[in-house]
Q: 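Below you will find the structure I want to go over with you.
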Amino acid sequence: MLYIGVDLGTSAVKLLLMNGDGKIQKIVSREYTICFPHPGWSEQNPGDWFKETMEGLKELLSGQDRSKVAGISFGGQMHGLVILDEEDQVIRPAILWNDGRTYEECDYLNHMVGKEKLSEYTANISFTGFTAPKILWVRNKEPENFARIRKIMLPKDYIAYRLTGVHCTDVSDASGMLLFDVKNRCWSKEMLKICGIQEEQLAKIHESYEVVGTVLPEIAAELEIPVTVKVAAGAGDNAAAAVGTGTVGDGMCNLSLGTSGTVFISSKQFGVDRNNALHAFAHADGYYHLMGCMLSAASCNKWWMDEILGTKEYETEQNTIEELGENHVYFLPYLMGERSPHNDPNARGTFIGMTMDTTRADMTQAVLEGVAFALRDSFEVAKSLGIQAERTRICGGGARSLLWRQIIANVMNIKVDMIESEEGPALGAAMLAAVACGEYRNVKEAAEKLVKVVDTIEPDPKIAAKYEERYRRFQKIYPACKSLFEVIK
């Protein structure tokens, strides 16, 4: 049988077709636009997601035996706010995960409601990207739209609704809304009251591998697939990527170098760090995970290459970098503000340490190292909880860079594993669809059978020691600049 994974990303939807043995038959990607109506704002039209998903599905299935399609599932950009009226029509453009407009609402939640209460209700505190402060923003700034809300949805769940007619979500994606009681895997009545919404306005919650419905007859007809095709709830992009890299069960670690960057650690036990520096979310495997998320990761390198250097020759630029652990230039990768561990929407990208002998290569290296150092910030929080990972898997566009993997291995001082099929959330989504259809008994079995490590980079003790010293210096830069960021925002 065939299984489809749909990864609804920030800039494009990626669709993957996999057979029951895990072999990838075909991959398709279709782009859509992001709108930035004001500085720090980020929006998209949900209709564009569905249009490009449908066109992508047609392209994906072209030349395939469509009668063998058994299941579809999703990975998707998290936290985005999609609101529907009583006719299930989109009320306004979706407010995305990397939108920073909700700083006033976050201040209200964190300081008036209180971080301790938020952590008690949801296992997390408020970040500008989360969904609950977006709801409060609509209530405060667009009351006429707030009054029209009948359904509140997340991005990938809007696609599931359009395919099935079912309003659904999964535990991993719901965890990032600040409306979800993560420990007990249910909506938080206290948070609903704070946001002024009713539980019936929210979607029904499922585990990521559970079937939420089958494709609508008109969808089946348009795609020429059976009406029996099952649709599974899917997962937030990071949880789906973790499934795709086999980061399930207890004590597994994955680093994602996509537009955003994450440190993802799976656990069978629920846990929250003292300062809520890491997100404590439900995982797609039925258990839990801790996650540190930085808002700009591979996007920092893209910005540096495309906008500043004006080149697409990423590999050529990196080939001029020779010595690791010797660079005197530092870079704070906070181009969109920052989440873990600082939770500071005012933070900005910063170079420091340049001298007259600083080279183009030094600056490029500083960008790669800055992202690695920022990822380690979250890793350090996990270590403070007693989590000792000796290795990590890695995924995302930035992971294709051998140099960047070497930097990360030495900055983190752990082994870094590359897997055979590095397709991130799309592969994880296809695997969830296979589990939902009974191809595998559970997510762990699917991961053990389908995910294979093909390369490992081990840290060099001498280079790791140099990076240890440099990381301690890096840690001092943000506190020194924090008050300046508040002035120049």
Q: Salt bridge between K151 and D85, side-chain N to carboxylate O under 4.0 Å?
A: no
Q: For E190 and S188, what are the C-alpha separation, side-chain angles and deciding distance, and is it a side chain to side chain donor-acceptor pair (under 3.5 Å)?
A: CA-CA 5 Å; E190 295 88 351; S188 164; 3.2 Å; yes
Q: Quickly, which of I194, T122, I197 forms a side chain to side chain contact (heavy atoms under 4.5 Å, CB included) with L179? Name it, please.
A: I197
Q: Could you tell me whether E144 and R148 have a side-chain N and a carboxylate O separated by less than 4.0 Å?
A: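 Result for this pair is no, no salt bridge flagged.
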Q: Check the pair D173 / K156 against salt bridge (Lys or Arg N to Asp or Glu O under 4.0 Å), numbers first and verdict last.
A: CA-CA 9 Å; D173 217 356; K156 78 172 190 341; 3.1 Å; yes
Q: For E104, give me all partners under salt bridge (charged side-chain N to carboxylate O under 4.0 Å, His left out), at least two apart in sequence or on another chain.
A: K141
Q: Side chain of K444, backbone of G246: donor and acceptor closer than 3.5 Å?
A: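 Such a contact is absent between K444 side chain and G246 backbone.
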Q: With a 4.5 Å limit on heavy-atom distance, are the side chains of F485 and L332 in contact?
A: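 SC-SC contact between F485 and L332 confirmed.
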Q: Pick out which of H79, H342, H279 makes a ring-ring contact (aromatic ring centres under 6.0 Å, His included) with F127.
A: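 Passing option: H279.
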Q: Quick check: closest heavy atoms across S126 and L109, and the distance to 0.1 Å?
A: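 Where S126 meets L109 most closely, the heavy atoms are OG-CD1, 3.5 Å.
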Q: For V243 versus A447, what's the shortest heavy-atom pair and its separation?
A: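 Of all heavy-atom pairs spanning V243 and A447, the closest is O-CB, 4.5 Å.
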Q: M336 and side chain to side chain contact (heavy atoms under 4.5 Å, CB included): which partner among P345, S296, S260?
A: S296
Q: Tell me whether the guanidinium CZ or amine NZ of R393 lies under 6.0 angstrom from the six-membered ring centre of F264 and within 45° of its axis.
A: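 Verdict for F264: no cation-pi partner in R393.
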Q: Once you round to the nearest 0.5 Å, how far does CG of L15 lie from CG of L57?
A: 5.0 Å
Q: Is it the case that K268 places NZ or CZ above or below the six-membered ring of Y287, under 6.0 angstrom from the centre and within 45 degrees of the axis?
A: yes
Q: Is the shortest side-chain heavy-atom distance between D88 and H167 below 4.5 Å?
A: yes
Q: D170 and S208: side chain to side chain donor-acceptor pair (under 3.5 Å), yes or no, with the steps?
A: CA-CA 5 Å; D170 83 285; S208 299; 2.9 Å; yes
Q: Roughly how far apart are H289 NE2 and T247 OG1, rounded to 0.5 Å?
A: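 OG1 of T247 is found 10.5 Å from NE2 of H289.
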Q: Measuring only between side-chain heavy atoms, which start at C-beta, is T169 closer than 4.5 Å to K204?
A: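 No, side chains not in contact.
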Q: Would R101 and E43 pass as an ion pair if we require N to O under 4.0 Å?
A: yes
